[in-house]
Amino acid sequence: MNMKAPRGTQDLLPGTTEKWQYVENTLTDICHRFNYKEIRTPIFEHTELFQRGVGDTTDIVQKEMYTFKDRGDRNITLRPEGTASVVRAFVQNKLFGLPNQPTKVFYIGPMFRYERPQQGRMRQFVQFGVEALGSADPAVDAEVISLAMSAYQELGLRSLRLVINSLGDGESRQNHRNALINHFEPHKNELCHDCNLRLDKNPLRILDCKKDQNHPAMETAPSILEFLNEDSNQYFEKVKGHLDKMEIDYVVDKNLVRGLDYYNHTAFEIMSDADGFGAITTLSGGGRYNGLVEDLGGPTTPGIGFALSVERLLMALEAEQVHLPVDDNLDCYFVTLGEKADAEAIRLTYTLRKAGIQVDKDYQSRKFKAQFKAADRLNAKYVIVLGETELENNIVNVKDMHSGEQEEVSINNLVSYLQSNLQGGK
Ligand code: HAM
């Protein structure tokens with residue numbers, strides 16, 4: 001029997017989950033400021049959604065999806081990414097009909113890809129992403145990019161590199177496509193099986209091939225930037241202009257094509273240049289997908305978004321030795337002596353918790369001294385000592401573990417005493 005977590009998954013244990021919560025809270029707070037509202041979509045969807053949405057010729061759809069038949073013989077897939085699901089929800093729930101456009105949403109949740117696991121590449125990973133649907137204003141591209149950069153910067157990352165490109169509109173892409181076919185056709189026999197299929201179906205994907213990445217024809221392949229028509233060029237210039245005004249540094253990489261089919265116009269990735277970050281340097285990616293809503297059955301609606309994985313974000317924080325201000329203290333810990341006192345502590349623990357105070361006590365029948373040690377290990381700010389004598393006098397002894405001072409407090413006043421001391425940050 002295999003009782004280990006499946007390859008490419010991980011348990012997040014106490015001590016680590018606090019970091020996740022901190023990161024998730026920060027990201028949620030940033031979305032609040034940028035006015036993106038949370039959306040939660042199902043973890044599984046009909047397989048067809050991703051075949052149509054992400055694209056039949058992508059690695060994700062061809063090799064990486066967790067797909068199965070449910071008991072009703074439906075083809076179901078664990079979501080490999082969030083954009084297709086958000087667009088499906090946008091269409092199904094007719095969000096395009098709401099007066100406030102663009103529709104700006106964010107999500108945080110697990111995604112699943114059957115990839116070869118390595119550091120920063122998991123089979124289950126958590127993506128945080130945003131999508132803005134309903135505006136073709138280049139300022140929205142800049143907004144999404146600035147949100148992505150804020151996410152990293154506010155968490156303390158410094159070694160960041162923003163890489164952008166334009167994939168142009170339909171006409172530009174068609175011209176580029178033809179040029180790519182002409183370019184790669186003579187090398188057909190030297191390219192891998194997948195690239196031969198890509199040549200017919202989607203030659204842009206060849207530029208993304210891991211097997212053929214060192215083939216000399218890759219370097220000389222025509223770049224999309226040479227094929228941008230006037231509109232696409234202007235669009236790209238405007239996006240860059242907004243970024244310049246916002247003082248967000250970027251580099252243009254004409255080879256950036258992204259691994260999903262739905263992109264056009266702006267495409268971007270954020271990389272980590274931190275020493276020791278590892279082989280995979282991409283922290284996040286996104287771009288514009290103006291045809292996707294229509295492809296998935298909705299009205300013509302432009303869209304743009306990006307996604308990052310929390311796993312890679314935490315790796316980058318570690319590589320840059322950023323320590324998150326995670327609070328692992330405990331407000332109070334009861335130390336008791338005698339059965340009656342312990343029973344009273346159980347009652348008081350509940351009273352304090354109901355009053356909003358964080359408190360714990362011993363449940364291992366530890367000796368008096370060992371209870372103090374436990375309080376120490378838990379970083380308790382206050383230890384509340386309750387023995388038989390205290391109980392008889394209806395008092396407790398509250399010890400401030402930071403200063404070492406001890407005070408006698410009436411049990412009747414314990415809640416207000418702790419509330420005012422904890423609030424005072426003592
Ligand atoms: P993606 O580039 O496939 O784009 O993934 C975005 C990010 O998810 C990556 O940059 C990386 O941080 C993380 N990621 C992907 N695969 C893994 C993995 N196996 N393990 C850990 N992290 C991973 C998308 O998914 C698009 N939906 C992004 C988007 C949103 N475009 C527009 N809107």
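Since this is a predicted model, take the numbers as computed values, not measurements. Order of listing sets the numbers, starting from 1, for every ligand and every atom in it. The figures that follow rest on heavy atoms only: side chains count, while hydrogens, waters and symmetry mates do not.
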Which atoms of ligand 1 are found less than 4.0 Å from any heavy atom of [X]?
X	result
Gly286	31 (N)
Met122	18 (C), 19 (N), 20 (N), 21 (C)
Tyr263	26 (C), 28 (C), 29 (C), 31 (N), 32 (C)
Gly120	20 (N), 21 (C), 22 (N)

Could you note down all residue pairs passing ring pair (Phe, Tyr, Trp, His ring centres under 6.0 Å) where residues 77-117 supplies at least one of them, sequence neighbours left out?
Tyr66-Tyr114, Phe90-Phe96
Give the residue and atom name of whichever protein heavy atom lies nearest to [atom], and the separation in Å to one decimal.
atom	value
atom 14 (N) of ligand 1	Phe125 CE1, 3.5 Å
atom 10 (O) of ligand 1	Ser284 CA, 3.1 Å
atom 13 (C) of ligand 1	Ser309 CB, 3.5 Å
atom 33 (N) of ligand 1	Glu131 OE1, 2.8 Å
atom 27 (N) of ligand 1	Glu81 OE1, 2.5 Å

From Lys210, Arg205, Lys211, residue fulfilling salt bridge (charged side-chain N to carboxylate O under 4.0 Å, His left out) relative to Asp59
Lys210
Can you confirm, on distance only, whether ligand 1 has an N/O atom lying under 3.5 Å from any N/O atom belonging to [X]?
X	value
Arg258	yes
Thr83	yes
Gly82	no
Tyr262	yes
Glu115	yes
Phe306	yes

Check: Ser146 side chain, Ala142 main-chain N or O, donor-acceptor pair, under 3.5 Å:
yes
Scan side-chain atoms only and decide if [X] and [Y] contain a donor-acceptor pair under the 3.5 Å cut-off.
X	Y	result
Glu131	Thr83	yes
Tyr235	Glu230	no
Ser232	Ser172	yes
Tyr262	Asp295	no

Quick one: side-chain hydrogen bond (donor to acceptor under 3.5 Å, both in side chains) partners of Thr58, sequence neighbours excluded?
none
As an exercise, state the distance from CG of Leu414 to CG of Leu348, rounded to the nearest 0.5 Å.
6.5 Å
Is ligand 1 under 4.0 Å from a heavy atom in the side chain of Leu283, in the backbone, in both, or in neither?
backbone
Filtering Gln127, Arg121, Glu269 for the heavy atom nearest atom 24 (C) of ligand 1 leaves Gln127
Could you tell me how the ring of His187 sits relative to the ring of His183: parallel (under 30°), tilted (30 to 60°) or perpendicular (over 60°)?
tilted
